[in-house]
Amino acid sequence: MTNRTDIPYHRAFLIILFTTIVLAIGITALWWRLHTSRTTQVEPSTGQASEAVQPPMQSMSAEQSAAPPQPKMALAPMQLSSQRMQSIGVQIGEVKYQPVNDEIRFFGNVQADERRLAYVQTRFSGWIRKLFVDATGDFVRKGQPLFTIYSPDLVTTEQEYLIAKKNQADLQQSSVTGVASGAASLFSATKDRLLQWEIPPSEIAKLDTDGKVITDLTINSPVSGYITEKNALPNMYVQPETHLYTVSDLSDVWVLAQVFQNDAGKIKPGDHADVTVDAYPGRVFSGRVDYLLPQVDMATRTLPVRLVIPNPGLKLRPGMYVNVRLKLPLGRQLVVPGSAVFHSGTRNLVFAYRGDGNIEPREVDLGARVGEQQIVTKGVRAGEQIVVSANFLIDSEAQLQAAAGAFTPPPPGAGAAAAMNAPAQTQATVELTTDPSPPHKGSNKVHVRLTSSDGMPVNGAQVTVTFFMAAMQEMGMAAMKTVVNATDKGGGVYEGSGELGSGGTWQVTVTATQNGQVIVSKHLTLNATGGM
């Protein structure tokens with residue numbers, strides 16, 4: 001049985017539990033609403049919500065500090081008056097196609113051609129009897145006697161040869177089977193032994209003629225050349241491995257040169273080379289590239305290149321220091337004068353000339369530089385006119401105009417152009433505000449206040465506010481410019497209206513002129529709200 005006194009407590013417990021659940025649900029809903037509202041206010045992708053938290057007015061310094069990173073600056077065209085072009089020394093050239101020959105100059109040393117070296121040795125042991133060439137550096141001709149040698153083994157073989165020859169003559173008519181053929185075979189074997197020992201055929205013929213053993217065999221030079229090594233001495237005992245003479249044929253020589261590794265890719269075997277030596281002024285020795293050695297010198301970062309040079313008259317001698325010039329034909333190429341290219345950090349620029357002082361910066365891709373000419377692979381066309389001097393001054397002016405966005409081509413006539421190109425002297429201070437602040441995409445009002453150096457308002461000036469946004473090729477956007485001519489409202493205040501075609505970072509230039517003279521020109525950066 002249930003106690004009646006427990007019923008009120010049970011009902012109160014249920015009421016308290018229900019009330020707690022309702023409060024928890026209400027607090028959770030309130031927290032979610034507040035969290036969603038705060039996220040909406042700080043989310044940059046919600047255009048109107050982000051604008052609601054911005055103050056109605058901002059100073060110029062605040063806008064500049066809040067501006068996002070600027071995109072890559074575009075190349076701004078410009079126009080200069082004839083007086084300005086003459087004063088900075090502008091000269092005009094032309095882009096054209098022409099045959100181009102590269103030239104590489106380097107140095108080398110003459111060496112003997114290793115493929116034309118001859119070593120003199122005997123294939124039998126013996127004693128040297130007499131030397132005919134006894135000094136290093138002597139010139140010998142092919143077949144010229146070098147020395148004589150006595151060899152017991154050679155004398156024995158010669159005796160066997162004479163006996164075999166006599167037996168062959170005596171037994172060639174023998175009727176006994178195999179006797180004549182055996183005598184002939186023995187004679188052939190002894191003669192082959194003499195030939196294997198490289199006994200000159202003239203000496204074998206002398207054996208046949210005289211029938212006597214030659215005790216002192218004469219050894220001749222195998223080639224014509226200079227004796228560059230000599231180890232032979234009278235009465236010296238020699239064996240087959242003894243190196244007696246080295247004869248160098250210098251009718252062709254090698255030139256071993258060192259080429260910087262950045263030029264190695266331009267050279268290939270067979271290229272023509274001209275060699276000059278200070279010992280023979282005005283004389284040029286022609287040759288060719290024979291081989292590029294595979295190992296780069298780690299200390300000098302150079303690559304050895306071997307050239308073969310014909311050496312008529314033996315004028316080039318091993319050890320000589322020579323000058324080498326390679327002419328490398330590159331074919332027909334698009335070229336500009338080397339002075340026309342301006343290297344600006346990571347970009348290479350050429351300034352195209354359009355006539356009437358119009359100059360357009362162009363970014364170009366470059367090939368090799370050949371003498372005073374520069375090969376261009378992309379960015380210009382044949383027949384175009386380009387600036388070939390004063391490029392640094394022109395690039396400086398182009399960069400300033402691109403950064404400021406203040407370029408306005410001067411109208412024909414020297415007055416306005418000369419005034420714009422002349423340096424301005426600041427005679428007033430300027431303050432710029434916009435309505436709304438910051439400006440947004442669409443219509444905006446600008447307010448300019450001019451004060452003189454003594455703090456007095458400047459009236460009666462012509463004030464121009466130019467908004468400029470550089471082209472963003474990555475996003476497919478062209479450059480945009482808005483010019484606002486502000487009206488004098490009195491008290492040094494000038495007002496005007498203009499349309500901004502996009503949100504984002506704008507370069508702003510405020511220019512004030514009075515009596516035909518620029519009294520102030522100020523460059524600012526403003527960040528406009530709204531989409532692109």
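Predicted model only: the values in this text are computed from it and were never measured.
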For the [atom1] atom on [X], are there more than 12 heavy atoms of other groups (residues, nucleotides or ligands in this structure) within a distance under 6.0 Å?
| X | atom1 | result |
| --- | --- | --- |
| Q295 | CD | no |
| Y280 | OH | yes |
| R115 | CZ | yes |

Check your understanding: Between T429 and T451, is any side-chain donor less than 3.5 angstrom from a side-chain acceptor?
Key ->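 Side-chain D/A pair, T429 to T451: present.
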
Within the distance-only criterion (no hydrogens, no angle test), does the side chain of [X] pair as donor or acceptor with the backbone N or O of [Y] below 3.5 angstrom?
| X | Y | result |
| --- | --- | --- |
| D138 | I227 | no |
| T482 | E499 | yes |
| Q374 | G367 | yes |
| D365 | V376 | no |
| N515 | Q517 | no |
| Q373 | V370 | no |
| Y353 | I92 | no |
| N311 | L250 | yes |
| S339 | S389 | no |

Min side-chain heavy-atom separation [X]-[Y] under 4.5 Å:
| X | Y | answer |
| --- | --- | --- |
| P222 | V120 | yes |
| T466 | T511 | no |
| H343 | L366 | yes |
| E103 | R325 | yes |
| Q111 | P318 | no |
| L256 | N109 | no |
| V465 | V508 | yes |
| P436 | N444 | yes |

Tell me the closest heavy-atom pair linking [X] and [Y], and the distance in Å.
| X | Y | value |
| --- | --- | --- |
| P310 | S286 | CD-O, 3.1 Å |
| K142 | S224 | N-OG, 2.8 Å |
| P337 | V388 | CG-CG1, 3.9 Å |
| G108 | V255 | CA-CG1, 4.2 Å |
| Q258 | F106 | O-CB, 3.9 Å |
| A461 | Y494 | N-OH, 3.1 Å |

Practice item. Dump the intermediate steps for side-chain contact (heavy atoms from CB on, under 4.5 Å) on D278 and N323, then the final yes or no. Key: CA-CA 8 Å; D278 294 340; N323 307 304; 3.7 Å; yes

How long is the gap from [atom1] on [X] to [atom2] on [Y], to the nearest 0.5 Å?
| X | Y | atom1 | atom2 | result |
| --- | --- | --- | --- | --- |
| K96 | I386 | NZ | CD1 | 10.0 Å |
| R369 | I375 | CZ | CD1 | 11.5 Å |
| S502 | F467 | OG | CZ | 13.5 Å |
| L524 | L526 | CG | CG | 6.0 Å |
| H440 | T434 | NE2 | OG1 | 9.0 Å |
| L307 | D271 | CG | CG | 9.5 Å |

Check your understanding: Would E384 and R354 satisfy side-chain contact (heavy atoms from CB on, under 4.5 Å), going step by step from the backbone distance to the final call?
Key -> CA-CA 9 Å; E384 287 188 303; R354 297 298 190 182; 3.9 Å; yes

Exercise for review: With side-chain contact (heavy atoms from CB on, under 4.5 Å) as the test, would you mind laying out the steps for V253 and D113 before giving the verdict?
Suggested key: CA-CA 5 Å; V253 294; D113 188 339; 5.8 Å; no

Check your understanding: Which salt bridge (Lys or Arg N to Asp or Glu O under 4.0 Å) pairs, counting each pair once, include a residue from residues 301-313, with sequence neighbours left out?
Key ->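 Pairs touching residues 301-313 that pass the test: D290-R306.
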
Practice item. Dump the intermediate steps for side-chain contact (heavy atoms from CB on, under 4.5 Å) on L314 and F139, then the final yes or no. Key: CA-CA 11 Å; L314 304 180; F139 178 78; 4.1 Å; yes

Point to revise | salt_bridge(K445, D435) N-O dist < 4.0 Å | key: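 Result for this pair is no, no salt bridge flagged.
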
Check your understanding: Who pairs with F285 by ring-ring contact (aromatic ring centres under 6.0 Å, His included), at least two apart in sequence or on another chain?
Key ->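 For F285 there are no ring-ring contact (aromatic ring centres under 6.0 Å, His included) partners, ignoring immediate neighbours.
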
**Study point:** Pairs flagged by ring pair (Phe, Tyr, Trp, His ring centres under 6.0 Å) wherever residues 298-333 is involved - sequence neighbours left out
**Key:**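 Output for this query lists F107-Y321.
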
